[in-house]
Student: 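I am attaching a structure below and will ask some questions about it afterwards.
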Amino acid sequence: MKQIDVRLYEYLLEKLPEITASWLAMRKVEKNSIYSLSAHPEMEETLREQNKLTNLTVISSLLDDPEIFEKNKMKWAAVVALSRVNSNTPIEEVIKALSKLRITYWHLIEKFQLVNADEIKLEDYMRWSETLNNAFDQIYIDFAETYNEYINSKFDVQQSLINELSTPVIKITDAIGVVPLIGEMDELRARMMLESIPKKSLEADIEHLFIDLSGVTVIDTLVAQQIFQVTKVLSLLGTSCTITGILPAIAQASTELGLDFTNIQTFSSLQLALSKEFLIIEQ
């Protein structure tokens with residue numbers, strides 16, 4: 001590591017508070033942004049702490065040991081990306097903020113060059129330019145990758161919860177349950193239904209399950225096939241099944257597909273089916 005590089009490294013370390021202050025001073029009032037000049041003081045303190053971590057990461061790229069920069073970069077990306085995901089900050093806002101930070105570095109390097117003009121050669125300036133710009137480019141990439149990983153993980157958890165709630169098995173007696181399906185029923189949801197309903201019914205000791213389709217806005221023959229498969233699996237598990245609210249057009253199309261619903265009770269409404277069921281029980 002050249003002596004002039006060591007001096008620049010030490011110079012930038014000494015200027016850490018100034019770098020952060022200059023960067024924060026570049027903020028403007030922006031609606032619903034953590035980078036806004038009007039952001040809560042606690043958020044400003046968070047930005048100040050994270051900016052210090054950013055600066056330590058960028059400056060470490062000047063060292064001879066690339067592993068130090070890589071470790072700092074991974075730690076920085078994990079901390080900042082999680083923070084931005086939790087605050088619902090878009091990637092473009094982060095990139096914009098980092099670009100402003102890059103500007104502060106070149107202002108400081110210009111000052112360093114003026115003070116040490118006799119010792120700094122063009123090749124030194126070019127080397128710093130390549131090193132620091134490459135460092136910023138790499139943290140852009142690492143941030144985007146880590147940010148997307150957190151977003152996808154968050155989405156997977158939310159989607160799992162949605163799927164869990166989209167096919168509820170509701171017990172109305174010790175042995176009778178109802179699955180009220182609501183909204184659009186696409187192939188993915190139908191597949192999730194095939195996986196979850198038999199499992200939930202078995203866990204709840206359901207002997208007779210009512211699948212109500214009256215709240216379903218869209219259903220096609222492919223989905224009808226999945227529903228038919230659900231009834232077959234339930235039957236193998238010892239659970240009888242009643243389908244309510246099925247549209248005549250779907251019933252007709254299912255028959256044309258060779259789906260035999262003749263052994264499955266069907267009713268035009270859940271109310272009618274339950275009325276008959278409980279009338280039989282009472283007798």
Student: Hydrophobic clusters here meaning ILVMFWY residues chained together by side-chain heavy-atom distances under 4.5 Å, can you tell me if Ile206 and Leu234 are in one?
Tutor: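 Yes, same cluster.
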Student: Tell me whether Glu49 is salt-bridged to Lys52, with the criterion being a basic N under 4.0 Å from an acidic carboxylate O.
Tutor: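 Not counted as a salt bridge, because no side-chain N and carboxylate O are separated by less than 4.0 Å.
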Student: Please say yes or no: joined through hydrophobic side-chain contacts below 4.5 Å, possibly via intermediate residues, are Leu16 and Trp106 part of one cluster?
Tutor: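 Leu16 clusters together with Trp106.
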Student: Please list, chain by chain and in numerical order, all residues satisfying ring-ring contact (aromatic ring centres under 6.0 Å, His included) with Tyr105, sequence neighbours excluded.
Tutor: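 Scan of Tyr105 (ring-ring contact (aromatic ring centres under 6.0 Å, His included), adjacent residues dropped) gives Phe136.
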Student: For Glu92, is there an ion pair with Lys96 - N to carboxylate O distance below 4.0 angstrom?
Tutor: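 Salt bridge: no.
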Student: For residues 171-204, pull every pair meeting ring pair (Phe, Tyr, Trp, His ring centres under 6.0 Å), keeping only residues two or more places apart or in separate chains.
Tutor: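 Qualifying pairs, neighbours excluded: none.
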Student: Verify, without hydrogens or angle tests, whether Ser153 (side chain) and Glu149 (backbone) share a donor-acceptor contact under 3.5 angstrom.
Tutor: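 Such a contact is absent between Ser153 side chain and Glu149 backbone.
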Student: Counting only N and O atoms by type, is there a donor-acceptor contact under 3.5 Å from the side chain of Thr231 to the main-chain atoms of Phe228?
Tutor: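 Here the side-chain-to-backbone pair exists.
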Student: Tell me, which pairs form a ring pair (Phe, Tyr, Trp, His ring centres under 6.0 Å) where one or both residues lie in residues 3-43, sequence neighbours left out?
Tutor: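 Sorted pair list: Tyr11-Phe112.
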Student: Between Ser83 and Val79 (side chain of the first, backbone of the second, donor and acceptor by atom type, cut-off under 3.5 Å), is there such a pair?
Tutor: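 Answer holds: no.
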Student: Enumerate the ring pair (Phe, Tyr, Trp, His ring centres under 6.0 Å) contacts for residues 176-202, please, sequence neighbours excluded, ordered by first and then second residue.
Tutor: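 Ring pair (Phe, Tyr, Trp, His ring centres under 6.0 Å) check on residues 176-202 returns no pairs.
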Student: Who passes ring-ring contact (aromatic ring centres under 6.0 Å, His included) against Tyr140, sequence neighbours left out?
Tutor: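 Testing Tyr140 for ring-ring contact (aromatic ring centres under 6.0 Å, His included), a comparison that skips the adjacent residues, returns none.
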Student: Are Asp137 and Asn133 close enough that a side-chain donor and a side-chain acceptor fall under 3.5 Å?
Tutor: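 Not at all, the side chains of Asp137 and Asn133 share no donor-acceptor pair under 3.5 Å.
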Student: My understanding is that only residues two or more places apart in sequence, or in another chain, count here; which of them pass ring-ring contact (aromatic ring centres under 6.0 Å, His included) with Tyr150?
Tutor: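 Scan of Tyr150 (ring-ring contact (aromatic ring centres under 6.0 Å, His included), adjacent residues dropped) gives none.
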Student: Report the relative orientation of the aromatic rings in Phe143 and Tyr147; use parallel for angles under 30°, tilted for 30 to 60°, perpendicular for over 60°.
Tutor: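 Ring orientation, 0 to 90° scale: tilted.
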Student: Can you tell whether the side chains of Arg127 and Asp124 come within less than 4.0 Å, N to carboxylate O?
Tutor: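 Yes, Arg127 and Asp124 are salt-bridged.
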Student: If we check side-chain contact (heavy atoms from CB on, under 4.5 Å) with Trp76, which of these qualifies: Val58, Ile139, Leu56?
Tutor: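 For Trp76, the side-chain contact (heavy atoms from CB on, under 4.5 Å) check succeeds only for Ile139.
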